[in-house]
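Each remark here refers to the structure printed beneath this line.
Here is how names work: the chains are called A, B, and so on, in the same order as the sequence lines, proteins then strands, and each is numbered from 1.
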Amino acid sequence: MSSENERQGGGAEGAGPEQLALIRETVRKAKVPKAKPRTWRGAALAKELPVARVVVNKGVLHLDQYFDYAVPEELDADAQPGVRVRVRFGAGARNVRDGRREGGGLIDGFLVERRAESDYSGPLAALAGVVSPERVLSADMLALARAVADRYAGSLADVLQLAVPPRNARAEAKPSPEPCPPPPEPAAATWERYPQGPAFLRALADGGAPRAVWTALPGPHWTQEIARAVGATLASGRGALVVVPDGRSAGRVDAALTELLGEGRHALLTAESGPERRYRQWLAVRRGAVRAVVGTRAAMFAPVERLGLVVVWEDGDSSHSDDNAPFPHVREVLELRAAHDKCGFLLGSTSCTVEAAQLVQSGWAAPLVADRAVVRAAAPLVRTVGDGELARDEAARAARLPSLAWQAVRDGLKTGPVLVQVPRRGYAPRLACARCRTPARCGQCAGPLEAPDERELRCTWCGTAETDWHCAECGTNRLRAQIVGARRTAEELGRAFPAVPVRTSGRDHVLDSVPGRPSLVVSTPGAEPVAEGGYAAALLLDGWAMLSRPDLRAGEEALRRWISAASLVRGQSEGGTVVVVAEPTLRPVQALVRWDPVGHAVRELAERAELGFPPVSRMAEAVGRPEAVEAFLMAAQLPPDAQVLGPVPLPVADPGRPRRPGDPPVGERWERALVRVPPGSGAALAAALKAAQAARLARGGGDPVRIRIDPPDIG
DNA sequence: AGCACGCCGACT
DNA sequence: GTCGGCGTGCTC
């Protein structure tokens, strides 16, 4: 981890503005001789280290630097590094010559250092107050936040906002429990299914820092396996941190930890527990009373004392991307923590992202995988029904499902629950002609059409309603709408097996688990309940929609969703069967059939390396109105090996996706430029973009341009 | 983003 | 002379 910009923040990199500032400073010095740590309004200052270095809680990039304040005597004791403070900040506070004016508002900040003197030449304002003597920000956390800010071209204050939860006075007043002594080292148990598993635990228990990309076998054992890795780390006298994608998984790992370690040794940090309880848990961790943490993405910054292991589960899940500036990703932040704290690293998933494959290929982490024979026995039998096959087979079309699928459902229901994975509503694929498959386009602007409900057709670009669509190629007026079809198929399945109960799990109503009795469970991706004893069979109808998306990750994402649903099905040795409706020649489909997510990721990685795509290259995006993007790129001093792609009009957002801050205003066409650099120039790219953005904002902002490193969706 | 400072035209 | 327009630049 680089420690550039340690002092006085990471703001202006360019020499020009700094030199100007220097000249101004000298002029001012000449005018106001000897502006030493002078008392502000003559108040008494702390005798020792009277200067407090403060990071102010303003996320703006050009204020990403430390500011020095004088420490009044009465705040001396409480004003320790790491506490929250209040300071006057703003142009008004500067005018201290008449000792009366106190312009500038009070804002929050963190005190990061006490010093003997300031290198700021003007008179210092005094700290307005110490919010609480609780030292919430450690030196380690500050360094991590700095590294994350630099990695993502963001400001320290923005990252700190993610890393330190808002204060809650009631929670702070309560004492934290006494810390527990280290537990005994747990047995390896199901880790023995992986040849390197027991050795990995051993290394953790011995105080080592092993790093692994773990391809988990399908089934429910992963929670206990993570708990055992945590237990081994605790046994070495160190702490551990586990980050999972959602509250349900967090609850499962929490239960496994309680089972293995008992109550009181670990904390559960999720948004669901509410602010007071959450802050109390967080404080218990910060105070060193609790050494193990499991939580969702905000927990990636949990201030675990003497960190020995970080774990990320299912790194391909999109909820591991934070949606607040600067949009850090859990996997990347935990990589930075592992490097900085020299602790163990475990990335676990039933699937495999390209980034995970890269960690192995670069040698940064070791693979932790089971033997092929073990994988084959644990995974269900996967069969495919091709799209073309379905279209040709008249009988299947009439029944809306091929006979193979019917057969799998009928057989499965004899021995247990059957899972039916359907696409999310509003997750509209491109509509196409039902006969010749020509994409359906808007008559006004040729944009793609969507069907928000079954009776209405609308253009996703211009919004025009299409009332009388006919295929431009063959003239038919029948459209193919796979989403609607899949939902109806699920309903028809229910009617076809009237004796069997049908349960649904989706966005608004997510089931956690279902009993082992025969039933039909219809679920959207990510909301699949676990079944007691595993599902007897699964039917995956999500393929066509997923794979038709013009996204670099479409294949990886489809495979991930399929594998995570299929992982809930009994192994082949117990008769578990999966039928996926997708073209069998496609690479992700073949990878599912062979149950080879790593092979898929490795091949994707090779292809991306060849094409110069991330994560082999580092990419950043600049989004805004066309003139603004152009001006930004002109002004930015990009590294010499940077390559600018575009700008091109911003792809239209998925209909149904909620609007996020930073989205273009409705009706405005924004453009997006991608900037890419070869491996090794990522830091330089981030620094250049940050400097350009800071300079822009300092000059009054103007047209906003949104910068993002590693954008999650690049066409 | 705010907010003060400064260098221009109309006014008692 | 002086009040106040808003353009420019700083915030310890």
d([atom1], [X]; [atom2], [N]) in whole Å:
X       : N       : atom1 : atom2 : value
F89(A)  : dA4(B)  : CZ    : C1'   : 14 Å
I107(A) : dC12(C) : CD1   : C1'   : 11 Å
D64(A)  : dA1(B)  : CG    : P     : 18 Å
L124(A) : dT11(C) : CG    : C1'   : 13 Å
R115(A) : dC12(C) : CZ    : P     : 17 Å
L127(A) : dT11(C) : CG    : P     : 18 Å
R88(A)  : dT11(C) : CZ    : P     : 17 Å
K58(A)  : dG2(B)  : NZ    : P     : 6 Å

State whether the aromatic ring of F67(A) stacks on the base of dC12(C), taking stacking to mean ring centres under 5.5 Å apart and ring planes under 30° to each other. no
Hydrogens and angles aside, do S132(A) and E172(A) bring a side-chain donor and acceptor to less than 3.5 Å of each other? yes
Go through the structure and list residues passing side chain to side chain contact (heavy atoms under 4.5 Å, CB included) with E335(A), not counting sequence neighbours. R331(A), E332(A), F345(A), L359(A), W364(A)
Can the positive tip of R708(A) be found less than 6.0 Å from the middle of the six-membered ring of F327(A), inside 45° of the ring normal? yes
For residues 630-647 of chain A, please give each side-chain donor-acceptor pair under 3.5 Å, one per line with the distance, not counting sequence neighbours.
unit_1: D641(A); atom_1: OD2; unit_2: S681(A); atom_2: OG; d: 2.7
unit_1: Q643(A); atom_1: OE1; unit_2: R676(A); atom_2: NE; d: 2.9
unit_1: Q643(A); atom_1: OE1; unit_2: R676(A); atom_2: NH2; d: 3.0

